[in-house]
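Numbering of ligands and ligand atoms starts at 1, following listing order.
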Amino acid sequence: MKKIDNYIARSETDYNRLYSSSLANPEFFWNQIAETFLWKKKWTKTLEYDFNKPEFKWFLNGKLNITENCLDRHLLNDPEKTAILFEPNDPYQESEKISYKELHKRVCVFANVLKNKNIKKGDRVCIYMPMVPELTVAVLACARIGAVHSVVFAGFSSTALAARINDAECKALLTADGSFRGSKIIDLKSIVDQALLECQSIESTIVFKRIGSDVTMNNNETWWHDEINGVSDYCEAEEMDSEDMLFILYTSGSTGKPKGMVHSCGGYMVYSTYTFLNVFQYHPSDIYWCTADIGWITGHSYIVYGPLLAGATSVMFEGVPSYPDYSRFWNIVEKHKITHFYTAPTAIRALAKHPVSLVDDNNLSSLKVLGTVGEPINEEAWNWYDKNIGKSKCPIVDTWWQTETGGIMLSSLAGVTDDKPTYATKPMIGIQPVLLDNNGKEISEFDKEGILAIKYPWPSMARTIYGNHQRYKNVYFAAYPGYYFPGDGALTDSKGNYRITGRVDDVVIVSGHNLGTAPIEDAINLHENVVESAVVGYPHDIKGNALRAFVILLDEKASINMDKEIKEQISKTIGPIAKPDIIQIVPGLPKTRSGKIMRRILRKIASGEKENFGDISTLLNPEVVKQILNES
Ligand code: PRX
């Protein structure tokens, strides 16, 4: 078998050469990369696509199981190598090193448990768990038997969980009795109990005991430790077609319900590995830590799949950066001699607010590569990260990508291509980005802001929105025919480095989390005293963006507890992450004559603008702008 190492760029010349060859003949290029994996049967065609349908298929008729590539393959070389290094929430509790051999065993055992529950290839399994190794085991056990995992971030509310379970008609739910988050204990099981009242499709629920609290076990609910007892650790890997579904992961959209992005087996495997190795320049003895949660795409691609496919040691951290104090991340870096540290700009900004002695008391000399993901990083945060964490000797990879793209799309390659503060820099090898103007014409000038689009397929692109292909077409392919439209604005410098300037739709990135404003408005409007609401984002020091809600009440006199009640309503419907920082009761919302809310004006008000609202004479109710400003 060819080695993937031969295709990893180790110098800028390599990058240029590989990038050119990926452009000149994409199919030939990806064919070579795919050949470095373990396939049960080789594909017959590399790519088939149609942007208009839209339809994208990679490595057609190839057969594989991704877990054989994540696990079995590595058992031949180095079975004792640590696959998962688990750092618990409690710093006094021992960390756990799980070797590839041990992880393989646990995955096979749990895969057999799923089979015993009558879970079959193609069935959807919802996973709602804290950041413990069993979460990784659950994900891989699904993949082992060909079940489709749908991981729901364990900070989501019961209503959000139920909506996701119902959308995918999940047959089983894997969860825990609770989770530790810093000094708090979250009672996951009662959230699950509440959710399951609204879910008909779940036939069995398996509960991992993490906190040991008293919980009520209902019909068809069993404990994880009872289920694995005495179960065989041999489980043949199901043969999957390259285009079979591997997982569904929900992301919020600018309207309506969340979108269940569907990723398939073959392309996702190839692309997550290839980007992991190129971007992070991981070497076999490195200890890599991505601080994300597996409930998000970053965790899927760069805690679980990318690193394990590459045979890396991947750290899983259960806790939060602030517990027991703000030095926790740096304690962990020293303790485990972390070489690669990948986090969100929000975390960096929050940590930078604290005395630098919290950093300096730790030995961070093991660090070689730093990374950021999820939102634009401002220059100040970048410089703080570079100076205090990287000691000005670690490259910083600013990785731009999305749940939909499955893997990193724009980023420097650590130490290989240049980084540049606030720029995600260059396209990944194989990726063809362009900037478009509002008429869909490609922009070639630099420093001119445009709409980012991708003009050629790549292996890990989401194939559809679960159960709603029309929505997939409308959201990503309709506005600019012939391109994938991610919803971000960008510009390039004279060297072709990309800088992401922010969303161009009604999605706001708060603390690195992608939040559609429409579902939050829907949640607010559920309150019986609310007539209408509009939610917009505004710049925030730490979170990047925060939310401000403008709310019209039925009875203004009853506004005393509205702030609290609206926040509770949002927590209940979506989760605490979606709570606005500011809720302003307003007499009306600026609207066009066709009744559309002019969010542009509200965004300006929320950002502190007092004038310069442009021409508001076309508004149905221009006087409302003044009223909102007076009451701000
Ligand atoms: O707006 C971009 C922003 O996050 C969006 C994708 O969010 P999500 O699907 O939740 O995935 C986040 C983790 C990959 C993008 O459309 N975003 C992500 N990374 C960056 C970014 N914005 C600027 N710079 C980044 N590095």
With the threshold set at under 4.0 angstrom, would you say Gly374 reaches ligand 1 through any of its heavy atoms?
yes

May I ask you to check whether Phe477 and Phe56 place their ring centres under 6.0 Å from each other?
yes

Between the main-chain N or O of Tyr128 and the side-chain N or O of Thr175, is there a donor-acceptor pair closer than 3.5 Å?
yes

Got the closest protein heavy atom to atom 20 (C) of ligand 1, with its distance?
Glu375 N, 3.4 Å

Are Lys420 and Tyr423 in a cation-pi setup, meaning NZ or CZ lies under 6.0 angstrom from the ring centre and within 45 degrees of the ring axis?
yes

Would you mind finding which of Leu410, Leu452, Ile509 brings a heavy atom closest to atom 5 (C) of ligand 1?
Ile509

Between Ser460 and Thr405 (side chain of the first, backbone of the second, donor and acceptor by atom type, cut-off under 3.5 Å), is there such a pair?
yes

Give the atoms of ligand 1, by number and element, whose distance to some non-hydrogen atom of Asp398 is under 4.0 Å.
24 (N), 25 (C), 26 (N)

Which ligand 1 atoms, with their elements, are less than 4.0 angstrom from a heavy-atom of Val373?
13 (C), 14 (C)

With distance as the sole test, does Arg463 use its side chain to make a donor-acceptor pair with the main-chain N or O of His263 at under 3.5 Å?
no

Looking only at protein heavy atoms, which one is nearest to atom 9 (O) of ligand 1, and how far off is it?
Thr403 OG1, 2.6 Å

Could you say whether the N/O atoms of Thr372 and ligand 1 ever approach to under 3.5 Å?
no

For atom 6 (C) of ligand 1, grab the closest protein heavy atom and report residue, atom and distance to one decimal in Å.
Trp401 O, 3.6 Å

Atom of Leu602, atom of Ala534 and distance for their closest heavy-atom approach
CD1-CB, 3.6 Å

Nearest to atom 7 (O) of ligand 1, what protein heavy atom do you find, and at what distance?
Asn514 ND2, 3.2 Å

Just by distance, do the side chain of His340 and the backbone of Asp286 share a donor-acceptor pair under 3.5 Å?
no

Considering non-hydrogen atoms of the protein only, which is the closest contact for atom 16 (O) of ligand 1, and what is the distance?
Asp488 OD2, 2.5 Å

Just heavy atoms, cut-off under 4.0 Å: does Arg503 contact ligand 1 by side chain, backbone, both, or neither?
side chain

Give me the residue, atom name and distance of the protein heavy atom closest to atom 13 (C) of ligand 1.
Thr298 OG1, 3.4 Å

Would a distance-only check, ignoring hydrogens and angles, find a side-chain to backbone donor-acceptor pair under 3.5 Å from Asp419 to Ile396?
yes

